[in-house]
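To start, the structure itself, in structure tokens.
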Amino acid sequence: MSERPPVTYINIEDESIAYRDHGGPGTPIVYLGTFGSHQDLMWDEPGYALFLRTLSALGRLVTFDRRGSGLSSRTVKPTIEVRVEDLDRVLDATGIDQAVLVAVTGSAQTALAFSAMRPDRVRALVLYSPIAREARAPDYEIGFPDDLVALAIAGTESVWGTGYIVRDWTPSLSDDERFVEWAARTERSSATPVEARQWVEMFAESDVRDVLPLVRAPALVVTPTLAGDFAPRFSRYVADHLADVRAVEIPARDWYPYGDGMDMFFKAASEFFVDVGGLDPVSRSSRRLAAVLFTDLVSSAKQQQSLGDQRWTLTMDSHDDAARQAAIRHDGRVLKSTGDGVLAVFDGPASALRAAIEMRRSARRLGLSTRAGVHVGELEERGDDVSGIAVTLCSRIADRARADEILVSSTVKDLVAGSGLRFETKGSHHLKGIASAVELLAVSLD
């Protein structure tokens, strides 16, 4: 393994992702990093370099800076959807079909979402102190209370660049002056104070709890039991909601694995890798997490009668073509026309929502009024069609929308934190054929 291979860039239109392929034999490993990262500084601190060197001894190591951080483009907001795309592009660029994803605290959200969206690309997960959701909620009492979340957001700009990572996340290293100086330099190089505050805001809003039951890859969850009150609770919650999990608890007080818990973490990881190495590669699955979009024309029968059959047919041809083009521009595809609307699927919810907004705009230019529903869930892909409860639920959501309204499930809102999209709550609804009530929200279009 070459410790410092050259930084390579992947270009996505006007954006770039910086990564290093450290090489070596064995199972490919992608390390998703921590709160801030910088490919040029990661080997400059001996303790962190030891962590990376030990990780690379387990297999072929790949590291990268997500967009919005470090040497990668900083103009994009690193939503979960963006981070999933970044990881997908890194695997493509390195020629890796399947990898073990190693993630820490908040980066576990990316690993978990990716495992559900791209199940055939994940061999296993190694998660240290993972967090599915940070903020408290009525059904999540273990989260940070609102006052602590607000305090963290408000204070980020003033402490960023001073060794914030050490003070709050790796207290066992707080007396190591060299490490504190390196951490402060890494913070300043990975993001500006304003960008760091935006990260904190985004993580406070993000929620991947609904994704956990859909993760089928074997997972190792390592919980540092002495890392305050919140870290063990967050980590145990993730472990308790994964289907195939090995939960290991260690007496460490750092949220990150390169401090006092390093040796214990690698002992657990090494044993897990032995078992993973004996597993057959993951076969391609027809089931994955994706975003579904249904659109429907309002009062279509009345408009058809008013326009006449020939004009109506031409209008609908224009509508369907505009919808297909909008889906393509947002990395999705229209699976079929429903007669007075479309069914489309997308890799992520933000893409589906932006396509829905564009479809609404195109329909209005044709003199049509539409309503739409968007949901994220597990789909069964069958050729050019999809099925599953997520499709049914999305259809029911669209049925509840008013003219020119786009309704979404709460799962969509949780997964697009940081995208700039805004929502208005519409309360809890009982939908036909759906056992539990569903929280609906309308996309703000003003």
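The shortest heavy-atom contact between Pro224 and Pro232 is O-CG, 3.5 Å. Here the shortest heavy-atom pairing between Ala191 and Trp199 reads CB-CH2, 3.5 Å. Heavy atoms only, all atoms of each residue included: Ser174 and Val180 are closest at O-CG2, 3.7 Å.
Using a 4.0 Å cut-off between charged side-chain N and carboxylate O, Arg185 and Asp44 make a salt bridge. The residues Lys336 and Asp320 are annotated as not salt-bridged, no charged nitrogen and carboxylate oxygen being separated by less than 4.0 angstrom. A salt bridge does not link Glu15 with Arg89: none of the charged nitrogens is closer than 4.0 Å to a carboxylate oxygen. Between Arg371 and Asp404 there is no salt bridge, since none of the side-chain N atoms of the basic residue sits less than 4.0 Å from a carboxylate O of the acidic one. Salt bridge absent: Asp146 and Arg136 never bring a charged side-chain N and a carboxylate O closer than 4.0 Å. Salt-bridge check for Arg288 with Asp347: passed, with a basic side-chain N closer than 4.0 Å to an acidic carboxylate O. Remark: Arg178 does not engage Asp176 in a salt bridge, criterion side-chain N to carboxylate O under 4.0 Å. Comment: Arg197 engages Glu157 in a salt bridge, judged by a side-chain N to carboxylate O separation of less than 4.0 angstrom. Of the charged side-chain nitrogens involved, none lies within less than 4.0 Å of a carboxylate oxygen, so that Asp86 and Arg66 do not count as a salt-bridged pair. The pair Arg121-Asp92 counts as a salt bridge, with a side-chain nitrogen and a carboxylate oxygen less than 4.0 angstrom apart. Glu271 has no carboxylate O lying under 4.0 Å from a charged side-chain N of Arg246, or vice versa, which leaves the two without a salt bridge. With respect to Glu205 and Lys413, no salt bridge is recorded, no charged nitrogen being found less than 4.0 Å from a carboxylate O.
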| task | Quick one: do Met262 and Leu50 satisfy side-chain contact (heavy atoms from CB on, under 4.5 Å)? Show the steps, please. | result | CA-CA 10 Å; Met262 189 191 304; Leu50 175 60; 4.3 Å; yes
| task | For side-chain contact (heavy atoms from CB on, under 4.5 Å), just list the numbers for Leu440 and Val408, CA-CA rounded to whole Å, side-chain angles, deciding distance to a tenth of an Å, and then say yes or no. | result | CA-CA 6 Å; Leu440 298 182; Val408 306; over 6 Å; no
| task | Could you go through the side-chain contact (heavy atoms from CB on, under 4.5 Å) check for Leu61 and Thr63 one step at a time? | result | CA-CA 7 Å; Leu61 177 64; Thr63 60; 4.1 Å; yes
| request: Go through the steps for His375 and Ser409 under the test side chain to side chain donor-acceptor pair (under 3.5 Å), then give the verdict. | output: CA-CA 6 Å; His375 177 58; Ser409 63; 2.7 Å; yes
| task | Apply side chain to side chain donor-acceptor pair (under 3.5 Å) to Asp21 and Thr94, showing your working. | result | CA-CA 7 Å; Asp21 185 350; Thr94 52; 5.4 Å; no
| Given Val248 and Thr223, is the side-chain contact (heavy atoms from CB on, under 4.5 Å) satisfied, shown in steps? | CA-CA 6 Å; Val248 176; Thr223 299; over 6 Å; no
| query | What do the steps show when you test Arg118 against Asp88 for salt bridge (Lys or Arg N to Asp or Glu O under 4.0 Å), and what is the final call? | reply | CA-CA 8 Å; Arg118 311 282 195 276; Asp88 212 20; 3.0 Å; yes
| So Ser351 and Asp331, side chain to side chain donor-acceptor pair (under 3.5 Å) or not? Walk me through it. | CA-CA 7 Å; Ser351 298; Asp331 300 319; 5.1 Å; no
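The backbone N or O of Ala18 lies less than 3.5 Å from a partner atom in the side chain of Ser72, making a donor-acceptor pair. With hydrogens and angles disregarded, a donor-acceptor distance shorter than 3.5 Å links the side chain of Asp260 to the backbone of Arg253. Formation of a donor-acceptor pair under 3.5 Å by the Ser235 side chain with backbone atoms of Ala231 is not found in this model. Judged by distance alone, with hydrogens and angles left aside, the side-chain atoms of His38 form a donor-acceptor pair with the main-chain N or O of Asp40 at under 3.5 Å. A donor-acceptor contact shorter than 3.5 Å links the side chain of Asp65 to the backbone of Gln39. Judged by distance alone, the side chain of Ser115 and the main-chain N or O of Ala111 form a donor-acceptor pair under 3.5 Å. Within the 3.5 Å criterion, the main-chain N or O of Leu335 finds no donor-acceptor partner in the side chain of Arg333. With hydrogens and angles ignored, the 3.5 Å screen pairs a side-chain donor or acceptor of Glu81 with a backbone N or O of Ala350. Between the side chain of Thr295 and the main chain of Val342, a donor-acceptor pair closer than 3.5 Å is present. Between the side chain of Glu187 and the backbone N or O of Gly163 there is at least one donor-acceptor pair closer than 3.5 Å.
Using cut-offs of 30° and 60° on the angle between ring planes, the pair Tyr237 and Tyr140 is perpendicular.
Rounding to the nearest 0.5 Å gives a distance of 10.5 Å between CZ of Arg324 and CE of Met359. Note that OG1 of Thr370 and CZ of Arg360 are 7.0 Å apart. Values are rounded to the nearest 0.5 Å. Ser419 contributes atom OG, which lies 7.5 Å from atom CG of Leu353 (distance to the nearest 0.5 angstrom). In this structure, the separation between CZ on Phe273 and CZ on Phe266 is 9.0 Å, given to the nearest 0.5 Å. Of the inter-residue distances, the one linking Glu85 atom CD with Thr79 atom OG1 reads 9.0 Å to the nearest 0.5 angstrom. Interatomic distance, Ser395 OG to Phe294 CZ, rounded to the nearest 0.5 Å: 4.5 Å.
Side-chain contact between Arg329 and Glu358 is present, with heavy atoms from C-beta onward closer than 4.5 Å. Between Arg74 and Glu195, the closest side-chain pair of non-hydrogen atoms falls below 4.5 Å. Using a 4.5 Å heavy-atom threshold, the side chains of Val292 and Leu343 count as touching. Contact of the Gln198 side chain with the Thr192 side chain is not registered, since no non-hydrogen atoms from C-beta on lie closer than 4.5 Å. You'll find the side chain of Val374 stays beyond 4.5 Å of the side chain of Phe346, heavy atoms only. Annotation: side chain of Tyr258 is not in contact with side chain of Leu55 (no heavy-atom distance under 4.5 Å). Residues Arg60 and Ile96 form a side-chain contact, since some pair of their non-hydrogen atoms from C-beta on lies under 4.5 Å apart. Proximity of Val416 to Phe423: side-chain heavy atoms (C-beta onward) are separated by under 4.5 Å at one or more points.
In the displayed structure, Asn11 atom CG is contacted under 6.0 Å by more than 12 heavy atoms of other residues, nucleotides or ligands. Arg364 CZ: 12 or fewer foreign heavy atoms inside a 6.0 Å radius. In this structure, Glu141 places its CD atom where more than 12 heavy-atom neighbours from other residues, nucleotides or ligands lie under 6.0 Å away. Enclosure of atom CG in Asp147 by more than 12 non-hydrogen atoms of other residues, nucleotides or ligands within 6.0 angstrom is indicated.
Side-chain N/O atoms of Thr170 and Asp254 include no donor and acceptor closer than 3.5 Å. Of the N and O atoms on the side chains of Ser410 and Glu439, not one donor lies less than 3.5 Å from an acceptor on the other residue. Using a 3.5 Å distance cut-off with no hydrogens or angles, the side chains of Arg83 and Thr110 do pair a donor with an acceptor.
Between Phe51 and the options Tyr256, Tyr31, Phe179, Trp43, a ring-ring contact (aromatic ring centres under 6.0 Å, His included) holds for only Tyr31.
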